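The structure displayed is predicted, hence computed values, not measured ones. Worth knowing before you read on, the calculation uses all heavy atoms, side chains too, and leaves out hydrogens, waters and symmetry mates.
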Amino acid sequence: MSGITVTRHDDRLIAVKRATADGCERRRREAHLLARLAHPGVVQFVDLIEGDPTELHMTYAGTDSWERCPPTSERAIVEGLAAVASTVADLHDLGTTHQTLGPEHVLVTSEHRPVLCGLADAEPADPVTCADDLAGLARLINHVSPAASDELRTRLDRLATRALAGEVSARRLTDELEIGRASCRERV
């Protein structure tokens, strides 16, 4: 959460993203997008404070990200990837793409739920931008798969390859991960 501070406001923790001198419009864009989305798999918009500097306030989701704290159990890996892929699919359905999807933009809440952040570079959904997000999902799969068993890692590698090749949509990727989620539950 580089460049983000945490403060208390109205008895709740909020994350504050301050704009640099040339980044005010970028913060405004992100604020308007977050307010419009209001999705449980994305950081929640609280307020945009215009001033010097302009500040984007969001509900505090946590400081840990998949970059520093990736899921380690097979169940957590599959459930986390399914949740992220589902959120990305929902964003695509809403006409938006993340564009900078990577482990640093997947926060882990206190309930161990992944939440996407870093939507300042989001773009309207089209075949090219959706493919960019699928490449981001493939990178996430590759980032968390080393902790998986050989069998699961092989399945995840195949999914990542198919995502990069454009053979699956984010929704289809979610469906295939959900099948893996059910399999992990049966083994537990």
Q44 (side chain) donor-acceptor with A61 (main chain) under 3.5 angstrom: no
Heavy-atom side-chain contact between T54 and R18 under 4.5 Å: no
Non-hydrogen side-chain atoms of I49 and L56 separated by less than 4.5 Å: no
V42 reachable from V46 in the ILVMFWY side-chain graph, under 4.5 Å edges: no
ILVMFWY cluster, V16 and L119 together (side-chain gap under 4.5 Å): no
Presence of salt bridge, D157 and R153, under 4.0 angstrom: no
Ion pair E25/R29, N-O distance below 4.0 Å: no
Distance in Å, I14 CD1 paired with T59 OG1, rounded so as to fall on 0.5 Å steps: 8.5 Å
V168 reachable from L137 in the ILVMFWY side-chain graph, under 4.5 Å edges: yes
Geometric class of the H9/H57 ring pair [parallel <30°, tilted 30-60°, perpendicular >60°]: perpendicular
Flag side-chain contact, heavy atom, 4.5 Å: E74 against S149: yes
Salt bridge (Lys or Arg N to Asp or Glu O under 4.0 Å) between E50 and R28, intermediate numbers included: CA-CA 9 Å; E50 294 284 356; R28 284 185 200 102; 2.8 Å; yes
Heavy-atom check, side chain of V6 versus side chain of Y60, under 4.5 Å: yes
V88 vs H98 side-chain heavy atoms within contact, under 4.5 Å: no
Heavy-atom pair of closest approach, residues A122 and L33: CB-CD2, 3.4 Å
Close side-chain approach of P70 to H143, heavy-atom, < 4.5 Å: yes
Under 3.5 Å side-chain donor-acceptor pair for T129 and D132: no
N-O pairing of R26 and E30 below 4.0 Å: no
Straight-line distance of L101 CG to R139 CZ, nearest 0.5 Å: 7.0 Å
Nearest heavy-atom neighbours spanning T97 and P124: OG1-O, 3.9 Å
Which atom of P71 lies closest to which atom of A147, heavy atoms considered: O-CB, 4.2 Å
Closest non-hydrogen atom pair between V144 and W66, with its separation: CG1-CE3, 3.9 Å
Nearest-0.5 Å distance that lies between atom OG in S86 and atom CG in L91: 9.5 Å
CD-OG distance between E79 and S73, expressed to the nearest 0.5 angstrom: 7.5 Å
Validation row: E123, T96 side chains within 4.5 angstrom (heavy atoms): no
I77 to A148 - nearest heavy-atom pair and separation: CD1-N, 3.9 Å
Within-4.5 Å side-chain heavy-atom neighbours: E55 and L48: no
Rounded distance (nearest 0.5 Å) linking atom CG of L134 with atom CG of L164: 8.5 Å
Minimum-distance pair of heavy atoms, taken over all atoms of I4 and K17: CG1-CG, 3.6 Å
Side-chain ion pair, E176 and R162, N-O less than 4.0 Å: yes
Donor on one side chain, acceptor on other, E111 and T109, under 3.5 Å: yes
ILVMFWY network linking L94 to F45, side-chain heavy atoms under 4.5 angstrom: yes
CD on E178 to CG on L81, rounded to 0.5 Å: 11.0 Å
